Amino acid sequence: QVQLVESGGGLVQAGDSLRLSCRASGRTFGINTMGWFRQAPGKEREFVAAVSLSGTIAYYADSAKGRFTISRDNAKNTVYLQMNRLKPDDTAVYYCAAKRPYTDWGTTSPADFDSWGQGTQVTVSS
């Protein structure tokens with residue numbers, strides 16, 4: 001069993017930056033691709049970004065391209081999401097998760113990820 005704990009959320013103004021962290025513990029040897037998702041009130045959970053085990057390959061939702069960067073430090077069992085030029089539409093609870101084995105690279109479906117963390121709230125004021 002893998003446990004994921006997110007941190008780094010907060011209340012910021014439009015245009016500001018935040019860096020979210022997701023620390024893994026437990027049976028971390030099985031973790032491969034890691035992803036970030038977000039869920040705004042009244043909306044479905046949506047994909048934000050994912051990064052490969054090596055940290056050298058990533059893919060992003062269109063809403064995140066050019067503003068967000070996902071990275072990982074395997075020595076620390078931690079995945080990061082650097083968010084720049086934040087907008088009010090980025091307001092949501094942000095979750096990290098581990099991509100299930102044998103699912104397609106590039107998948108954005110929450111059903112292809114598990115071991116969800118409890119989430120961290122990001123609020124962007126205009």
Side-chain angles (χ1 to χ4, degrees):
Q1 190 79 9
V2 173
Q3 293 80 42
L4 302 175
V5 178
E6 302 94 336
S7 62
L11 172 61
V12 297
Q13 294 187 333
D16 286 351
S17 298
L18 274 177
R19 189 176 81 155
L20 306 183
S21 299
C22 169
R23 190 173 189 282
S25 61
R27 295 172 65 89
T28 59
F29 67 87
I31 295 178
N32 193 331
T33 298
M34 293 291 297
W36 283 97
F37 288 75
R38 67 187 184 185
Q39 188 165 18
K43 295 187 177 181
E44 293 188 351
R45 191 167 297 190
E46 65 173 3
F47 172 81
V48 176
V51 63
S52 65
L53 174 61
S54 66
T56 58
I57 309 172
Y59 57 99
Y60 297 89
D62 287 343
S63 59
K65 288 178 182 176
R67 297 189 302 126
F68 295 2
T69 302
I70 188 171
S71 61
R72 67 194 294 166
D73 184 338
N74 289 333
K76 297 181 179 179
N77 290 324
T78 301
V79 179
Y80 304 99
L81 185 68
Q82 177 67 44
M83 305 187 295
N84 299 327
R85 303 197 305 278
L86 283 162
K87 306 174 183 179
D89 284 350
D90 296 318
T91 295
V93 178
Y94 284 70
Y95 300 90
C96 66
K99 193 168 80 68
R100 296 178 189 272
Y102 312 116
T103 53
D104 292 339
W105 171 257
T107 179
T108 62
S109 171
D112 287 338
F113 290 77
D114 59 15
S115 303
W116 297 89
Q118 84 291 345
T120 186
Q121 176 71 47
V122 172
T123 303
V124 184
S125 63
S126 58

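This structure is a prediction, so every number in the text was calculated from the model and none was measured.
- For the atom pair CD (Glu46) and OG (Ser63), the distance works out to 5.5 Å, reported to the nearest 0.5 Å.
- Both Tyr59 and Ile57 belong to a single network of hydrophobic side chains, linked directly or stepwise wherever heavy atoms of I, L, V, M, F, W or Y lie under 4.5 Å apart.
- Contact record, Asp90 with Arg85: OD2-O, 4.5 Å, taken as the closest heavy-atom pair.
- There is no path of hydrophobic side-chain contacts, each under 4.5 Å, that joins Tyr80 to Val93.
- Ring orientation note: the planes of Phe113 and Phe37 are nearly perpendicular, at an angle over 60° on the 30°/60° scale.
- Taking CG from Asn74 and CG from Leu53, the interatomic distance works out to 5.5 Å, rounded to the nearest 0.5 Å.
- Taking each heavy atom of Ala49 and Tyr60 in turn, the nearest pair found is CB-CD2, 3.5 Å.
- Side-chain atoms of Asp73 come within 3.5 Å of backbone N or O of Ala75 as a donor-acceptor pair.
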Before giving the answer on side chain to side chain contact (heavy atoms under 4.5 Å, CB included), spell out for Phe68 and Leu18 the whole-Å C-alpha distance, their side-chain angles and the decisive distance to 0.1 Å.
CA-CA 10 Å; Phe68 295 2; Leu18 274 177; over 6 Å; no

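- With hydrophobic clusters built from ILVMFWY side chains whose heavy atoms lie under 4.5 angstrom apart, Val2 shares a cluster with Ile70.
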Apply side chain to side chain contact (heavy atoms under 4.5 Å, CB included) to the pair Thr123 and Val12, showing each step before the final yes or no.
CA-CA 6 Å; Thr123 303; Val12 297; over 6 Å; no

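- You'll find the ring centres of Trp36 and Phe47 outside the 6.0 Å limit.
- A donor-acceptor contact shorter than 3.5 Å links the side chain of Thr78 to the backbone of Lys76.
- Geometrically, Arg45 engages Tyr95 in a cation-pi contact, judged by NZ or CZ lying under 6.0 Å from the ring centre and within 45° of the ring axis.
- Here the CG atom belonging to Asn84 is positioned 11.5 Å from the CZ atom belonging to Arg19, to the nearest 0.5 angstrom.
- Note that NZ of Lys99 is 5.0 Å distant from OG1 of Thr33, once rounded to the nearest 0.5 Å.
- Using a 4.0 Å cut-off between a side-chain N of Lys or Arg and a carboxylate O of Asp or Glu, Lys65 and Asp62 qualify as a salt bridge.
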What's the verdict on side chain to side chain contact (heavy atoms under 4.5 Å, CB included) for Cys22 and Leu4, showing C-alpha distance, side-chain angles and the deciding distance?
CA-CA 6 Å; Cys22 169; Leu4 302 175; 4.0 Å; yes

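- A donor-acceptor pair is defined here as one N or O able to donate and one able to accept, closer than 3.5 Å; no such pair exists between the side chain of Thr120 and the backbone of Ser7.
- Under the 3.5 Å distance criterion, the side-chain polar atoms of Gln13 are left unmatched by any main-chain donor or acceptor of Ser125.
- From Gln39, atom CD reaches atom CD of Gln121 across 11.0 Å, with rounding to the nearest 0.5 Å.
- The closest side-chain heavy-atom distance from Glu6 to Arg23 is not below 4.5 Å.
- Residues Ala64 and Val48 approach most closely at CB-O, 3.8 Å, considering heavy atoms.
- Atoms OG and CD, on Ser115 and Gln3 in that order, are 8.0 Å from each other to the nearest 0.5 Å.
- Smallest separation of non-hydrogen atoms from Met83 and Val122: CE-CG2, 3.9 Å.
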Determine, step by step, whether Asp16 and Val124 satisfy the side chain to side chain contact (heavy atoms under 4.5 Å, CB included) criterion, reporting the C-alpha distance in whole Å, the side-chain angles of both residues, the deciding distance to 0.1 Å, and the verdict.
CA-CA 8 Å; Asp16 286 351; Val124 184; over 6 Å; no

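- Of all heavy-atom pairs spanning Thr107 and Ser109, the tightest one is OG1-N, 3.3 Å.
- Salt-bridge formation is detected for the pair Asp114/Arg100: a Lys NZ or Arg NE/NH1/NH2 atom is positioned less than 4.0 Å from an Asp or Glu carboxylate oxygen.
- Closest of all the heavy-atom pairs between Asn32 and Arg72 is O-NH1, 2.7 Å.
- Counting non-hydrogen atoms of other residues, nucleotides and ligands closer than 6.0 Å to CD of Gln1 gives a total of 12 or fewer.
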